[in-house]
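Any value given below was found using the heavy atoms of this structure, including those in side chains, with hydrogens, waters and symmetry copies removed. First listed ligand is number 1; within each ligand, the first listed atom is number 1.
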Amino acid sequence: MVSVRLKDVVKTFGETVALKGISLEIQHGELFTLLGPSGCGKSTTLRIIAGLDFPDSGVVSFDEDDVTYLSSSERGAVLVFQNYALWPHMSVYDNVAYGLKIKKLPKEEIDKKVKWALELVRLTGLEDRYPTQLSGGQQQRVAIARALVVEPRILLLDEPLSNLDAKLRLEMRSEIRRIQRELGITVLYVTHDQEEAMAISDRIAVMNVGTVEQVGTPKDIYESPRTEFVASFMGKTNVIPAKVVERKGDRVSVEFESYRLDGLTYTEDKDDVVVVIRPERIQLHPIENAVSISGKVDLIEYYGFFIEVVGMFGDTRIIARTISDRHVRELKPQGEVTFYIDRDDILVLPKQNL
Ligand code: ATP
């Protein structure tokens, strides 16, 4: 178990600046996720922490040690690859034992450790199978057992669920979490799937074109995004371009189309803003401390356990999500609708050039 610190890490590939000087701290025993769209620099960061690639400048520390230019094995990092990279000609047992044999451990010790690792990933009994005789989920368990058997200080997982079907993805997601908690090991996880990141992580770093936009718990990131990019990347949300038209202390009035929203909290200088409203925070009935906007119903979509009402406010589409159909029943396509939103549930953020 280890804590990891990146300080001002820069990495370029020819003309491409993959990492523009990122700093991060991963704590002892936490499951830390790098989340972001394709090409934002997640894998590059992971490879630099794994010791498979080295930065142009900046420092990587494990606890108090500078490991920037150490190899993976010198720094005690093990990466599980997306495609598992199992040896097809070796049995499950031999795949897991391989790293220990290289270390020339005594046979009995190898046997004890392999049994421990296979039990941990719940594969006891499949020791003699070959990778082709295993399901995708089982292959992944072998890859994780093989990584953990050498007792790394940090386990790195690069999009580990991307080759699995939807059901297995959920199962393996819980398994990875269980194993991580059981061992208390530090895990760095990479994904572009925000739901997966939210479900599995202690903390998340949201990345965007070679920078870290925000680090926080899933709840922080979802409920208090600090930038437009983070807000719009974290699930379905309403991000409405608007202009600050009046300021009173830390409260502002903003306008979009012909609508005006008063009494919102905003302290930045920039007048070009976005108003961020989560669909589930919009009510279809009057509530206290609310701003209200009236428009037309564009669509009503039934998803089973919730219903979405898409309203048009001028040319702006705003989605409301509710679990009760009480107020939806009164709505008609193209009919009038009023959305009520608690002022404290409305975020105003500076507009970014995304
Ligand atoms: P993905 O989710 O698609 O894997 P990512 O967020 O992991 O993306 P990286 O693989 O870290 O992103 O890539 C960051 C940037 O660096 C991209 O613009 C990519 O094209 C570039 N890049 C990465 N590796 C190399 C390389 N070996 N040679 C040249 N450019 C590279």
Salt-bridged, Arg321 to Glu308, with N to O below 4.0 Å?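 So Arg321 pairs with Glu308 through a salt bridge.
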Selection residues 311-320 - residue pairs positive for salt bridge (charged side-chain N to carboxylate O under 4.0 Å, His left out), sequence neighbours left out: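 Sorted pair list: Asp298-Arg317.
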Identify, for [atom], the protein heavy atom at the shortest distance, and state residue, atom and that distance.
atom                    : value
atom 14 (C) of ligand 1 : Gly39 O, 3.4 Å
atom 10 (O) of ligand 1 : Ser43 CB, 3.7 Å
atom 19 (C) of ligand 1 : Thr16 CG2, 4.8 Å
atom 23 (C) of ligand 1 : Phe13 CE1, 3.5 Å
atom 16 (O) of ligand 1 : Ala18 CB, 3.4 Å
atom 2 (O) of ligand 1  : Lys42 NZ, 2.9 Å
atom 12 (O) of ligand 1 : Gly41 N, 3.2 Å

Please check this pair: side chain of [X] against backbone of [Y], looking for a donor-acceptor N/O pair closer than 3.5 Å.
X     : Y      : answer
Asp53 : Arg47  : no
Glu30 : Asp202 : no
Ser23 : Asp8   : yes

Where is the tightest heavy-atom contact between Leu70 and Arg75, given as atom of each residue plus distance?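 Closest heavy-atom pair between Leu70 and Arg75: O-NH2, 2.8 Å.
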Answer with yes or no whether Gly36 contacts ligand 1, where contact means a heavy atom under 4.0 Å from a ligand atom.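 It does not, in that no heavy atom of Gly36 comes within the 4.0 Å cut-off of ligand 1.
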Side chains of Tyr266 and Asp250: closer than 4.5 Å at any heavy-atom pair?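 They are not in contact (no side-chain heavy atoms under 4.5 Å apart), so the answer is no.
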Can you list the atoms of ligand 1 that are under 4.0 Å from a heavy atom of Pro37?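 Answer for ligand 1: 6 (O).
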Exactly one of Arg177, Glu196, Gln180 should register a side chain to side chain donor-acceptor pair (under 3.5 Å) with Tyr189. Which one does?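 When Arg177, Glu196, Gln180 are each tested with Tyr189, the side chain to side chain donor-acceptor pair (under 3.5 Å) holds only for Glu196.
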Do Ser38 and ligand 1 have an N or O pair less than 3.5 Å apart?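 Such a contact does occur with ligand 1.
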Side chain, backbone, both or neither: Thr44 near ligand 1, heavy atoms under 4.0 Å: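 Contact part for Thr44 vs ligand 1: both backbone and side chain.
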